[in-house]
Trainee: 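Structure below; questions to follow.
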Amino acid sequence: MNQPFSSSGSVQLPSSTTTQAFVHPKLTHNLCLNLQKKRPMFCIIRCVSTRPGRNSGPMTRTGSSSEAQELVTLLMRNFSDKKPLVSTLDKYVKFVRTEHCFLLFEELGKTDNWLQCLEVFRWMQKQRWYIADNGVYSKLISVMGKKGQIRMAMWLFSEMRNSGCCPDTSVYNAVISAHLHSRDKSKALTKAMGYFEKMKGMERCSPSIVTYNILLRAFAQAKNVEQVDALLKDLDESIVTPDIFTFNGLMDAYGKNGMIKEMEHVLSRMKSYQLKPDIITFNILIDSYGKKQEFQKMEQVFKSLLQSREKPTIPTFNSMITNYGKARLREKAELILEKMVGLGYRPSYITYECLIVMYGHCDCVSKARDLFDRVMESEKEKKVSTLNSMLDTYCMNGLPVEAHVLFESIHSAKSFPIDSSTYKLLYKAYTKADMKELGQKLLTCMDKDGIIPNKKFFLDALGAFGSAPANQKAVGDNKGLSKHRGRK
């Protein structure tokens, strides 16, 4: 198979799927359809969208978007478990409007405070300026979906229609996305396709390119190539035109599944639409080839990236360092770091974490520890992921005692954030090394820190070792121990 990029930086398709470079006939066909399509003389709109656009200009009520963000940051800082967010909203009621609530939904959605989103929504409904808006419901449904609250998302969908709003494409896109976050992926995909077919029969809810992109990525993640091809055919026959997000989403999903041939086929389709690869495309290809240890192709893509109009990003280098490290190619990983610095990039804390783990894979534990110590001295803000990378390096090299010594020194100094991820990593290593005493010490530490392990914690730690019945017994014993300590 040929390289996906030529040395000049232009796209070079695999020989098995080579397509001539031309303007896709659909691009011209869609233009004609849009011109000929008759628009209805009138339409009934029951609610007005007050949703801010992606590139919205100055806000009419509150000045610039930066000022709106400042107010939202202030609101987020002034609420806690003891001080409800609604009371803070009441304090700033003269200034808060729909655009601020949108930003609040986004900020709350990044945390586990999804219930607070509903409180903000109820507060909005009581304000004089509130108008029932599809955009508000769409955002809330999206937030609930990402948090796995599918029933709540569907309740909001029902509530929206009861309020007099007619669903539009963006609302259905949010509903489809919400279902795709559920655990039963097969059932979720079936429901998503049901909504998709329903949208086709509703004029103001016709599937958009966003709809297709959501579904294509989901089926690619499920490795359902047949359904992906069917959706692409449906897309070709529609008036909708694919964009760079269509192909990047598909390539990313296939690449993460190790489906390199399918990924390259998508790249060939992208060229037929004369869409040039952006930095996301390059990063997807570099990471996908790297994970499959197809380093010749990965290096060729990187060379093409340097010769293109696009510029590498820090994740570009991090990905290459990580994948070289897993292949125990230390010198190549170090050369990437030199290249990165030579091009004027400053390594991030994630870069250092990648290097620490890389040294771990290459049996260079002392180098990893030296780097960890230097990072700890230079970095003002300590990251738990940096600690985890060093602990993981010790554990992968069969040094759980050294990992425990480092953990205890960090824990006693209280100069470092430690969460459940650290405990899970160590407990798994101690279990693998059959070091029960260290495991018990770790559980005692967790109790003191107020971190209560659940069933998943023990299953993740014990799943790879021993028989299933023995593991289930160990889970039960450890859960009982944890509960007993919790009562103390």
Side-chain angles (χ1 to χ4, degrees), residues 109 112 114 137-158 160-161 167 169-202 205-238 240 242 245-266 269 284 287-288 291-292 454-460 462-464 468 471-472 475:
D112 290 327
W114 58 270
Y137 284 104
S138 179
K139 172 61 72 175
L140 282 169
I141 290 170
S142 177
V143 170
M144 294 302 138
K146 288 178 181 178
K147 293 301 173 183
Q149 304 297 324
I150 313 302
R151 289 186 179 180
M152 188 60 70
M154 296 313 297
W155 175 81
L156 285 163
F157 184 51
S158 176
M160 182 202 70
R161 288 179 291 183
T169 301
S170 67
V171 173
Y172 273 101
N173 287 345
V175 170
I176 289 173
S177 295
H179 279 292
L180 292 174
H181 280 92
S182 63
R183 293 183 180 180
D184 190 340
K185 298 302 179 185
S186 177
K187 186 177 179 180
L189 289 169
T190 300
K191 285 192 174 184
M193 284 303 295
Y195 282 113
F196 175 67
E197 294 300 332
K198 185 178 180 180
M199 289 171 73
K200 289 182 179 181
M202 304 167 71
C205 297
S206 298
S208 64
I209 187 56
V210 175
T211 317
Y212 282 98
N213 291 351
I214 293 168
L215 291 170
L216 284 166
R217 183 181 179 87
F219 280 105
Q221 287 173 333
K223 300 183 180 182
N224 191 334
V225 179
E226 184 178 343
Q227 187 60 61
V228 168
D229 291 339
L231 280 167
L232 286 172
K233 182 180 179 182
D234 190 287
L235 178 57
D236 283 336
E237 294 171 354
S238 73
V240 180
F245 301 104
T246 309
F247 300 106
N248 282 348
L250 274 172
M251 283 189 282
D252 185 51
Y254 281 141
K256 282 183 168 61
N257 282 329
M259 302 168 71
I260 299 299
K261 289 183 179 179
E262 289 78 4
M263 180 186 75
E264 291 175 337
H265 180 66
V266 173
R269 289 184 68 104
I284 289 168
D287 195 53
S288 300
K291 284 178 178 175
K292 294 291 287 185
N454 55 21
K455 184 177 180 180
K456 188 176 185 301
F457 176 92
F458 293 112
L459 286 176
D460 288 346
L462 303 171
N471 285 344
Q472 291 294 339
V475 169

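Here, residue 1 is the first one in the sequence, and each next residue gets the next number.
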Trainee: Using the side chain to side chain contact (heavy atoms under 4.5 Å, CB included) definition, which of the options Arg217, Gln221, Met263 pairs with Asp252?
Mentor: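 Answer to the side chain to side chain contact (heavy atoms under 4.5 Å, CB included) test with Asp252 among Arg217, Gln221, Met263: Arg217.
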
Trainee: Mind checking the CD1-CD1 spacing from Ile209 to Ile214? Nearest 0.5 Å is all I need.
Mentor: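 Those atoms lie 10.5 Å apart.
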
Trainee: For the side chain of Lys146 and the backbone of His181, is there at least one donor-acceptor N/O pair under 3.5 Å apart?
Mentor: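 Not confirmed, Lys146 side chain does not pair with His181 backbone.
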
Trainee: Is the shortest side-chain heavy-atom distance between Tyr172 and Lys198 below 4.5 Å?
Mentor: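 Tyr172 reaches Lys198 side chain to side chain.
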
Trainee: Quick check: closest heavy atoms across Pro242 and Leu235, and the distance to 0.1 Å?
Mentor: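 Residues Pro242 and Leu235, closest heavy atoms: CB-CD2, 3.9 Å.
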
Trainee: Please determine whether the number of non-hydrogen atoms from other residues, nucleotides or ligands lying under 6.0 Å from atom NZ of Lys185 exceeds 12.
Mentor: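 Counting other residues, nucleotides and ligands, NZ of Lys185 exceeds 12 neighbours.
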
Trainee: Measure the CE-OG1 distance between Met202 and Thr169 for me, rounded to the nearest 0.5 Å.
Mentor: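 Reported to 0.5 Å precision, the distance equals 9.0 Å.
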
Trainee: Can you confirm whether or not the ring centre of His265 sits under 6.0 Å from the ring centre of Tyr254?
Mentor: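 Centroid separation for His265 and Tyr254: 6.0 Å or greater.
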
Trainee: Any ion pair linking Asp229 and Lys233 (charged N to carboxylate O, less than 4.0 Å)?
Mentor: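 No, this pair does not count.
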
Trainee: Testing the basics here: between Leu189 and Ala218, what is the closest heavy-atom pair and its distance to 0.1 Å?
Mentor: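 Smallest interatomic distance, heavy atoms only, reads CD2-CB, 3.8 Å.
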
Trainee: Quick check for you: to the nearest 0.5 Å, what is the distance between Asp236 atom CG and Leu232 atom CG?
Mentor: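 The distance works out to 7.0 Å.
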
Trainee: So, Ser177 side chain and Ala174 main chain: donor-acceptor pair closer than 3.5 Å or not?
Mentor: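 It does not hold such a pair.
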
Trainee: Taking the side chain as everything from C-beta on, heavy atoms only, tell me whether Leu180 gets closer than 4.5 Å to Ile176.
Mentor: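 A side-chain contact exists here, since the closest heavy-atom pair is under 4.5 Å.
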
Trainee: When rounded to the nearest 0.5 angstrom, what is the spacing between CE in Met199 and CG in Asn173?
Mentor: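 These two atoms lie 5.0 Å from each other.
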
Trainee: Is it true that a side-chain atom of Lys223 and a backbone atom of Ala220 form a donor plus acceptor pair closer than 3.5 Å?
Mentor: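 Answer holds: no.
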
Trainee: Quick one: does Phe196's side chain get under 4.5 Å of Pro207's, heavy atoms only?
Mentor: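 Heavy-atom side-chain distance check passes, below 4.5 Å.
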
Trainee: Measure the shortest side-chain to side-chain distance between Tyr212 and Asp234 over non-hydrogen atoms and say whether it is less than 4.5 angstrom.
Mentor: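 The answer is yes; the side chains approach within 4.5 Å.
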
Trainee: Verify the neighbour count for atom CD of Glu226: are there more than 12 heavy atoms of other residues, nucleotides or ligands below 6.0 Å?
Mentor: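 Counting neighbours around CD of Glu226, 12 or fewer heavy atoms of other residues, nucleotides or ligands fall under 6.0 Å, so no.
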
Trainee: Could you give the distance from CG (Leu231) to CG (Leu250), rounded to the nearest 0.5 Å?
Mentor: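 Going from the CG atom of Leu231 to the CG atom of Leu250 covers 9.0 Å.
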
Trainee: Between Val225 and Glu262, what is the shortest heavy-atom contact and its length?
Mentor: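 Between these two residues, the closest heavy atoms are CG2-CG, 4.2 Å.
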
Trainee: Can you name the nearest heavy-atom pair linking Cys205 to Pro167, along with the distance?
Mentor: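 The pair with the smallest heavy-atom distance is SG-O, 3.0 Å.
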
Trainee: Report the relative orientation of the aromatic rings in Phe157 and Tyr195; use parallel for angles under 30°, tilted for 30 to 60°, perpendicular for over 60°.
Mentor: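 If you compare the ring of Phe157 with that of Tyr195, the planes turn out perpendicular.
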
Trainee: If you round to the nearest 0.5 Å, how far is CG of Leu140 from OH of Tyr137?
Mentor: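 These two atoms lie 8.5 Å from each other.
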
Trainee: Tell me whether Lys200 is salt-bridged to Glu197, with the criterion being a basic N under 4.0 Å from an acidic carboxylate O.
Mentor: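 So Lys200 pairs with Glu197 through a salt bridge.
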
Trainee: Begin from the C-alpha positions of Met144 and Trp155 and carry the test side chain to side chain contact (heavy atoms under 4.5 Å, CB included) through to its verdict.
Mentor: CA-CA 10 Å; Met144 294 302 138; Trp155 175 81; over 6 Å; no

Trainee: Kindly indicate whether the side chain of Phe219, heavy atoms from C-beta on, has any atom under 4.5 Å from the side chain of Met193.
Mentor: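 Yes, side chains in contact.
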
Trainee: Can you check whether Met154's main-chain N or O pairs, donor with acceptor, with Ser158's side chain at less than 3.5 Å?
Mentor: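 Between the backbone of Met154 and the side chain of Ser158 there is no qualifying donor-acceptor contact (under 3.5 Å).
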
Trainee: Within the structure provided, determine whether Leu156 and Met160 are in side-chain contact (heavy-atom separation under 4.5 Å).
Mentor: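 A side-chain contact is absent here, since even the closest heavy-atom pair is not under 4.5 Å.
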
Trainee: Is Thr246 reaching over with its side chain to a backbone N or O of Asn213, donor-acceptor style, under 3.5 angstrom?
Mentor: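 Looks like no, no N/O pair under 3.5 Å.
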
